[in-house]
Enquirer: 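Mind having a look at this structure? Questions to follow.
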Amino acid sequence: MNTRQDMILSPSLLSSDFSRLADELAALEAAGLKWVHWDVMDGAFVPNITFGAPVIKACRKKSGLFFDVHLMIDNPGRYVGEFARAGADLICVHAEAETHLERTVSLIRTCGAKAAVALNPHTPLDVVEYLLPQLDMVLVMSVNPGFGGQSFIPFSTDKVRRLKSMIDACGSAALIQVDGGVSLANTRELVQAGADVLVSGSAFFGAPPLDERLRLFQAAARGEDVGS
Ligand code: DX5
Ligand code: ZN
């Protein structure tokens with residue numbers, strides 16, 4: 001996992017060409033990406049349906065990227081084992097979707113994956129307070145989940161800042177991921193607030209070439225002027 005030294009960009013496949021997933025993964029790897037973000041949606045927890053564990057399993061054989069799997073599904077504990085066996089390196093479940101969250105986080109770790117919890121925009125940070133010591137990452141949703149291309153919710157930056165204080169206060173090693181409406185324009189403020197991993201779908205895939213896009217995001221994270 002990241003040692004907090006540099007921003008990790010995790011492109012969301014939701015904005016990729018679903019008809020060429022293996023090619024898209026190869027292109028990300030060739031462009032220098034290390035992580036890729038899988039937005040799994042069930043049409044119940046969110047009003048959209050994307051892909052499941054079989055698709056991830058099929059792609060696992062074709063990619064060396066770190067599979068950052070974001071489960072936007074009801075009762076995700078039912079599927080943790082299947083996604084871990086499919087090759088997820090990290091499994092992120094929504095606090096709002098799981099009655100017994102601590103049990104599901106423990107299950108993710110037992111299955112050998114890194115464990116993360118996602119918080120919708122309205123969800124207060126104290127929901128994860130007691131779990132921070134056992135989390136590898138907390139995902140701060142900066143849009144309401146379900147779709148790419150939405151506008152960044154501005155209070156997300158302060159939420160990241162306050163989460164960073166909570167993590168530091170308890171000595172947790174949990175990374176902070178921000179997901180939704182991330183762009184070159186808000187990358188610097190999010191990194192300065194404490195974000196370690198940024199998810200980008202439309203702002204990343206929408207402006208190829210991918211290697212140049214990655215370079216721009218990394219430059220923006222360092223505070224260099226890159227336009228928007
Ligand atoms: C939304 C997903 C996000 C989304 C990001 O429910 O969790 O990962 O795909 O896409 P952009 O960067 O376009 O907001
Ligand atoms: Zn996501």
Side-chain angles (χ1 to χ4, degrees), residues 7-18 21 24-25 28 33 35-53 55-56 59 65-74 76 79 83 88-98 108 113-123 135-157 159-160 175-191 195-208 210 213-214 216-218 220-221 228:
M7 180 273 286
I8 297 171
L9 187 67
S10 189
S12 164
L13 287 175
L14 190 63
S15 298
S16 72
D17 180 346
F18 278 21
L21 280 177
E24 295 275 62
L25 290 166
L28 289 173
L33 279 303
W35 285 37
V36 65
H37 187 79
W38 291 86
D39 281 315
V40 178
M41 301 182 184
D42 65 357
F45 180 69
V46 291
N48 197 359
I49 298 176
T50 53
F51 29 63
V55 174
I56 291 176
C59 291
L65 292 171
F66 183 87
F67 280 11
D68 159 27
V69 178
H70 179 192
L71 297 183
M72 286 162 277
I73 66 175
D74 274 338
Y79 294 101
F83 279 98
D89 293 295
L90 178 148
I91 297 175
C92 182
V93 298
H94 270 262
E96 306 87 357
E98 190 59 81
I108 294 171
K114 299 291 186 186
V117 169
L119 302 174
N120 280 338
H122 72 284
T123 304
L135 288 178
D136 296 293
M137 189 171 81
V138 178
L139 192 173
V140 175
M141 287 303 296
S142 37
V143 295
N144 293 294
F147 301 92
Q150 300 181 81
S151 298
F152 178 81
I153 297 174
F155 66 63
S156 307
T157 305
K159 193 171 182 180
V160 169
L175 301 179
I176 299 174
Q177 182 179 58
V178 181
D179 185 9
V182 171
S183 67
L184 291 178
N186 56 32
T187 286
R188 180 62 177 164
E189 74 177 58
L190 288 168
V191 168
D196 302 287
V197 186
L198 298 182
V199 175
S200 176
S202 50
F204 179 77
F205 280 105
L210 300 184
R213 205 65 184 157
L214 171 62
L216 286 173
F217 267 97
Q218 290 169 331
S228 61

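Both ligands and their constituent atoms are indexed starting at 1 by order of listing. All values below come from the heavy atoms of this structure, side chains included, with hydrogens, waters and symmetry mates left out.
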Enquirer: Could you tell me whether Ser202 and ligand 1 have an N or O pair separated by under 3.5 Å?
Expert: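 Yes, there is a polar N/O contact under 3.5 Å.
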Enquirer: As an exercise, state the distance from CD of Gln218 to OG1 of Thr187, rounded to the nearest 0.5 Å.
Expert: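 So the gap between those two atoms works out to 10.5 Å.
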Enquirer: In this structure, does ligand 1 have an atom that sits under 4.0 Å from one of the heavy atoms of Phe204?
Expert: no
Enquirer: Quick check: does Cys92 have an N/O/S atom under 2.8 Å of the Zn ion (ligand 2)?
Expert: no
Enquirer: Nearest to atom 6 (O) of ligand 1, what protein heavy atom do you find, and at what distance?
Expert: Gly146 N, 2.7 Å
Enquirer: What's the separation between atom NE2 in His70 and atom CD1 in Ile91, rounded to the nearest 0.5 Å?
Expert: 12.5 Å
Enquirer: Closest N/O/S atom of Asp179 to the Zn ion (ligand 2), by atom name?
Expert: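 Of all N, O or S atoms belonging to Asp179, OD2 is the one nearest the Zn ion (ligand 2).
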Enquirer: Using the side-chain contact (heavy atoms from CB on, under 4.5 Å) rule, pick out the option among Leu28, Val197, Leu9, Leu198 that qualifies with Trp35.
Expert: Val197
Enquirer: Taking 4.0 angstrom as the limit and counting only heavy atoms of Gly180, give me the atoms of ligand 1 inside it, by number and element.
Expert: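 What qualifies from ligand 1 is 14 (O).
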Enquirer: Pull out every atom of ligand 1 sitting under 4.0 Å from any heavy atom of Val199, numbered as shown with elements.
Expert: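 Going through ligand 1 atom by atom, the ones under 4.0 Å from Val199 are 8 (O).
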Enquirer: When rounded to the nearest 0.5 angstrom, what is the spacing between CG in Leu139 and CG in Asp179?
Expert: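 Rounded to the nearest 0.5 Å, the CG-CG separation comes out at 5.0 Å.
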Enquirer: Side chain of Lys114, backbone of Met137: donor and acceptor closer than 3.5 Å?
Expert: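 Not a single qualifying donor-acceptor pair exists.
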Enquirer: In the protein, which heavy atom is nearest to atom 8 (O) of ligand 1, and how far is it?
Expert: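 For atom 8 (O) of ligand 1, the nearest protein heavy atom comes out as Asp179 OD1, 2.5 Å.
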Enquirer: Give the numbers and elements of all ligand 1 atoms closer than 4.0 Å to a heavy atom of Met72.
Expert: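 Listed by number with element: 6 (O), 7 (O).
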Enquirer: Which option out of Val143, Asp39, Leu139 puts a heavy atom nearest to atom 9 (O) of ligand 1?
Expert: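 Selected option, by shortest heavy-atom distance: Asp39.
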Enquirer: Is the backbone N or O of Phe67 less than 3.5 Å from a side-chain atom of Asp89, with the two atoms forming a donor-acceptor pair by type?
Expert: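 Checking the backbone N and O of Phe67 against the side chain of Asp89, a donor-acceptor pair under 3.5 Å is found.
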Enquirer: I'd like to check whether Ser12 has a polar contact with ligand 1, where a contact means an N/O of the residue lying under 3.5 Å from an N/O of the ligand.
Expert: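 Right, the criterion is met.
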Enquirer: Nearest to the Zn ion (ligand 2), which N, O or S atom of Asp39 do we find?
Expert: OD1
Enquirer: Looking only at N, O or S atoms, find the one in His70 nearest to the Zn ion (ligand 2) and name it.
Expert: ND1
Enquirer: Run the numbers for me: atoms of ligand 1, each under 4.0 Å from some heavy atom of Gly149, listed by number.
Expert: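 Those atoms are 11 (P), 13 (O), 14 (O).
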Enquirer: Rounded at 0.5 Å granularity, tell me how far OG in Ser183 sits from CZ in Phe217.
Expert: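 Ser183 OG to Phe217 CZ: 6.5 Å, rounded to 0.5 Å.
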Enquirer: For ligand 1, which atoms, with element, lie under 4.0 Å from some heavy atom of Ser200?
Expert: 12 (O)
Enquirer: Do you know which two heavy atoms are closest between Phe204 and Leu214, and how far apart they sit?
Expert: CE1-N, 3.9 Å
Enquirer: Looking only at protein heavy atoms, which one is nearest to atom 12 (O) of ligand 1, and how far off is it?
Expert: Gly201 N, 2.7 Å
Enquirer: Provide the number and element of each atom of ligand 1 under 4.0 Å from a heavy atom of Leu14.
Expert: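 What qualifies from ligand 1 is 9 (O).
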Enquirer: Any donor-acceptor pair under 3.5 Å linking the side chain of Asn48 with the backbone of Gly146?
Expert: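 Yes, Asn48 side chain to Gly146 backbone: donor-acceptor pair under 3.5 Å.
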Enquirer: Of all the non-hydrogen atoms in the protein, which one sits nearest to atom 10 (O) of ligand 1, and at what distance?
Expert: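 The closest one turns out to be Gly148 CA, 3.6 Å.
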Enquirer: Within the structure, is a non-hydrogen atom of Ala203 found at a distance of less than 4.0 Å from ligand 1?
Expert: no
Enquirer: Would one find an N or O of Gly181, backbone or side chain, under 3.5 Å from an N or O of ligand 1?
Expert: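 So ligand 1 has an N or O lying under 3.5 Å from an N or O of Gly181.
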Enquirer: Do any nitrogen or oxygen atoms of His70 lie less than 3.5 angstrom from nitrogen or oxygen atoms of ligand 1?
Expert: yes
Enquirer: Compute the shortest N/O to N/O distance between Val182 and ligand 1 and return yes if it is under 3.5 Å, no if not.
Expert: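 Such a contact does not occur with ligand 1.
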Enquirer: Determine whether a donor-acceptor pair (N or O, by modelled atom type, separation under 3.5 Å) exists between the side chain of Asp42 and the backbone of Phe45.
Expert: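 Yes.
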Enquirer: OH of Tyr79: more than 12 outside heavy atoms within 6.0 angstrom?
Expert: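 Result for OH/Tyr79: open.
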Enquirer: Is Asp136 reaching over with its side chain to a backbone N or O of Ala115, donor-acceptor style, under 3.5 angstrom?
Expert: yes
Enquirer: Among protein heavy atoms, which lies nearest atom 1 (C) of ligand 1, and at what distance?
Expert: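 The closest one turns out to be Phe147 O, 3.6 Å.
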Enquirer: Do Asp39 and His37 pair up side chain to side chain, a donor and an acceptor below 3.5 Å, judged on atom types alone?
Expert: yes
Enquirer: Under a 4.0 angstrom heavy-atom cut-off, which atoms of ligand 1 come close to Pro145?
Expert: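 Selected atoms, number and element: 6 (O).
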Enquirer: For the residue pair Ser10 and Asp68, what are the closest heavy atoms and their distance?
Expert: OG-OD2, 2.9 Å
Enquirer: Out of all atoms in ligand 1, which are within 4.0 Å of some heavy atom of His37? Include the element for each.
Expert: 8 (O)
Enquirer: Donor-acceptor pair, distance only, cut-off 3.5 Å: does the side chain of Arg213 make one with the backbone of Ala203?
Expert: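 Side chain of Arg213 to backbone of Ala203, a donor-acceptor pair under 3.5 Å: yes, one is there.
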